[in-house]
Participant: 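Below are the structure tokens for one structure; questions will follow.
Each chain gets a letter, A, B and so on, in the order the sequences are listed, and its residues count up from 1.
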There are 2 protein chains.
Amino acid sequence: MSRRNAPKSVIKRLPVYLRILDNLIRRDVEIISSRVLSEETGFTAEQIRKDLAYFGAFGTRGTGYNTTYLREKLLRIIGLDKETKLVVVGVGHLGKALTRYNITKNPYVKVVGIFDANPKEHGSEIEGHKVMSMEEMPRVIKEHDVKVAMITVPAEPAQDVVDQLVENGITAILNFAPTKLHVPEEVHVHNADLTIELQSLIYYTLEDEKKNYAE
Amino acid sequence: MSRRNAPKSVIKRLPVYLRILDNLIRRDVEIISSRVLSEETGFTAEQIRKDLAYFGAFGTRGTGYNTTYLREKLLRIIGLDKETKLVVVGVGHLGKALTRYNITKNPYVKVVGIFDANPKEHGSEIEGHKVMSMEEMPRVIKEHDVKVAMITVPAEPAQDVVDQLVENGITAILNFAPTKLHVPEEVHVHNADLTIELQSLIYYTLEDEKKNYAE
DNA sequence: CATTGTGAACGGATTCACAGCC
DNA sequence: GGCTGTGAATCCGTTCACAATG
């Protein structure tokens with residue numbers, strides 16, 4: 001069955017399923033029902049079945065899903081069946097931590113270039129990877145045919161950095177800079193904005209205090 | 001006009017508006033139309049007007065919105081008109097970086113406690129704040145009446161940490177641990193999961209390669 | 001008979017279109 | 001005239017209910 005254009009919300013859930021399956025397989029669980037997946041993920045069983053059905057019929061009626069088989073299908077669907085190359089731009093505290101996290105914890109992803117505008121950082125190492133100058137970025141992206149970038153620069157230079165990335169062939173950007181990025185339609189941006197998450201969370205702490213907002 | 005129960009999607013956009021307003025005010029812009037806000041945020045002008053209308057009529061027909069006035073309203077709506085106290089649990093590389101980020105970049109938020117299970121971290125400082133043992137957490141939360149927590153512990157201990165937080169009165173959790181947290185209905189969790197963001201992004205890099213997934 | 005896979009019904013959020021107002 | 005505020009129409013994702021099937 002071929003890929004129908006699944007909604008974004010579905011795509012965001014696929015990595016969750018993958019993570020649960022990894023855990024189950026580690027515990028030698030071979031079969032899993034949508035009901036149990038539901039308990040593990042917090043999504044409804046119907047939703048899980050429908051999500052998977054966007055890409056094919058992977059289960060067995062009356063039984064459930066084979067964990068190993070489903071995991072392999074998900075890897076293929078998400079695009080993790082082959083290693084994804086990644087460049088990182090910006091190595092402040094957060095950039096360093098996130099880069100380290102990706103290098104050590106994300107087996108499906110390979111960091112092939114780390115860049116920063118600050119010359120003081122050039123040549124320093126993060127988990128054995130040297131930080132390079134921005135000038136080297138185009139060469140590295142082309143050399144490895146990189147499509148995915150993570151940026152953790154401040155808000156001000158972010159758009160300029162993104163323009164350079166897009167110009168050199170990047171089509172997917174994980175943005176930690178606290179700003180809206182403008183990119184061509186074919187380029188995908190996922191924003192991971194700490195401040196927005198935290199502030200919208202704070203909203204709910206006063207949810208029950210029924211207050212007035214005009215005057 | 002009083003707060004009607006606005007959808008989650010609206011709440012997530014409020015901090016975006018706030019950030020744009022902060023920038024505009026810094027540039028001495030006094031009036032802004034929903035159309036220009038639309039260009040700055042990427043949301044449609046109608047959506048912006050509707051979002052704001054959930055909380056009141058803050059604009060002037062024929063003119064637009066007064067930036068300073070709207071900013072103040074938004075601060076009040078989100079709950080940022082008074083300082084929000086925050087505790088942090090887990091100070092690995094990522095926890096340290098995020099804590100630093102909050103202390104230095106988030107003026108509306110005040111970190112009142114940083115905790116870690118690892119005794120080696122106890123007494124070490126992050127931007128002048130001492131890291132404490134988990135045993136001190138209940139006291140600090142009660143002393144400051146803290147409602148919001150950020151957790152950056154590994155997946156395994158995350159649920160246990162969350163249970164402790166909830167037990168001590170935390171009602172809002174920003175979760176960086178790569179796992180689903182189970183909490184009572186009245187507790188709000190926002191997940192900020194790097195791996196999920198990155199993996200779902202990778203999906204889109206192969207969007208155009210029309211492939212088959214069942215064999 | 002348990003569980004998947006799926007068309008139909010539902011509901012919530014976005015967009016449309018325009019009335020209301022400065 | 002221009003821009004906000006908003007009911008109505010639309011779109012899209014979730015839930016429901018059940019047919020299909022190992």
Participant: Could you tell me the separation between the OH atom of B:Y54 and the C1' atom of D:dT4, rounded to a whole number of Å?
Facilitator: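 That distance rounds to 17 Å.
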Participant: Check the pair B:K180 / B:D193 against salt bridge (Lys or Arg N to Asp or Glu O under 4.0 Å), numbers first and verdict last.
Facilitator: CA-CA 10 Å; B:K180 163 86 189 170; B:D193 195 315; over 6 Å; no
Participant: Nearest whole Å is fine: how far is D:dT15 C1' from A:R35 CZ?
Facilitator: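 So the CZ-C1' distance, A:R35 to D:dT15, works out to 14 Å.
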Participant: Would you mind checking if B:D22 and B:R71 are paired as a salt bridge, meaning a charged N to carboxylate O distance below 4.0 Å?
Facilitator: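 Yes.
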Participant: In the structure I gave you, are the side-chain heavy atoms of A:L181 and A:Q159 within less than 4.5 Å of one another anywhere?
Facilitator: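 Yes; the side chains approach each other to less than 4.5 Å.
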Participant: Please determine whether a side-chain nitrogen of the Lys or Arg among A:D145 and A:K147 lies less than 4.0 Å from a carboxylate oxygen of the Asp or Glu.
Facilitator: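 Judged by the 4.0 Å cut-off on N to carboxylate O distance, A:D145 and A:K147 do form a salt bridge.
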Participant: Would you kindly give the CZ-to-C1' distance between A:F43 and D:dG13, to the nearest whole Å?
Facilitator: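 After rounding, the gap between these two atoms is 14 Å.
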Participant: Taking the axis from the first five pairs and the axis from the last five, what angle separates them in the helix from C:dC1-D:dG22 to C:dC22-D:dG1, rounded to 10 degrees?
Facilitator: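 Helix axis angle between the two ends: 10°.
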Participant: Quick one: sort the B:Y69 and B:F58 rings into parallel, tilted or perpendicular, breaks at 30° and 60°.
Facilitator: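 The rings of B:Y69 and B:F58 stand perpendicular, inter-plane angle above 60°.
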Participant: Expressed in angstrom and rounded to an integer, what is the separation of B:K12 atom NZ from C:dG12 atom P?
Facilitator: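 The distance from NZ of B:K12 to P of C:dG12 comes to 19 Å, rounded to the nearest Å.
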Participant: Compare all side-chain heavy atoms of A:N168 with those of A:M137 and state whether any distance is below 4.5 angstrom.
Facilitator: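 Contact flag for A:N168/A:M137 side chains = yes.
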Participant: In whole Å, what is the span from the CG atom of A:L37 to the C1' atom of C:dT3?
Facilitator: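 Taking atom C1' of C:dT3 as the reference, CG of A:L37 is at 13 Å.
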Participant: Between the side chain of A:T84 and the main-chain N/O of A:V109, is any donor-acceptor distance below 3.5 Å?
Facilitator: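 No, A:T84 side chain to A:V109 backbone: no donor-acceptor pair under 3.5 Å.
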Participant: Is a side-chain N or O of A:N175 found less than 3.5 angstrom from the main chain of A:T179, in a donor-acceptor match?
Facilitator: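 Yes, A:N175 side chain to A:T179 backbone: donor-acceptor pair under 3.5 Å.
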Participant: When you match B:L52 and A:V10 each to their closest nucleotide on DNA chain D, which lands nearer the 5' end?
Facilitator: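 The residue closer to the strand's 5' end, by nearest nucleotide, is B:L52.
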Participant: From CD1 of A:I48 over to C1' of C:dT4, roughly how many Å is that when rounded to an integer?
Facilitator: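 About 13 Å, once rounded to whole Å.
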Participant: Quick one: is A:Y65 getting a side-chain N or O under 4.0 Å of the C:dA2 phosphate, OP1 or OP2?
Facilitator: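 Result: no.
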Participant: For A:I31 and C:dT4, what is the distance between atoms CD1 and P respectively, to the nearest whole Å?
Facilitator: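 Going from A:I31 (CD1) to C:dT4 (P), I get 10 Å.
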Participant: Nearest whole Å is fine: how far is D:dT4 P from B:N66 CG?
Facilitator: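 Spelled out: CG on B:N66 to P on D:dT4 is 13 Å.
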Participant: For the residue pair A:Y203 and B:F55, categorise the inter-ring angle as parallel (less than 30°), tilted (30 to 60°) or perpendicular (more than 60°).
Facilitator: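 Because their plane-to-plane angle is over 60°, the rings of A:Y203 and B:F55 count as perpendicular.
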Participant: What string of B, S and - do you get for nucleotides 15-22 of chain C 5' to 3' if you count protein non-hydrogen atoms under 4.0 Å?
Facilitator: BBB-BBBB
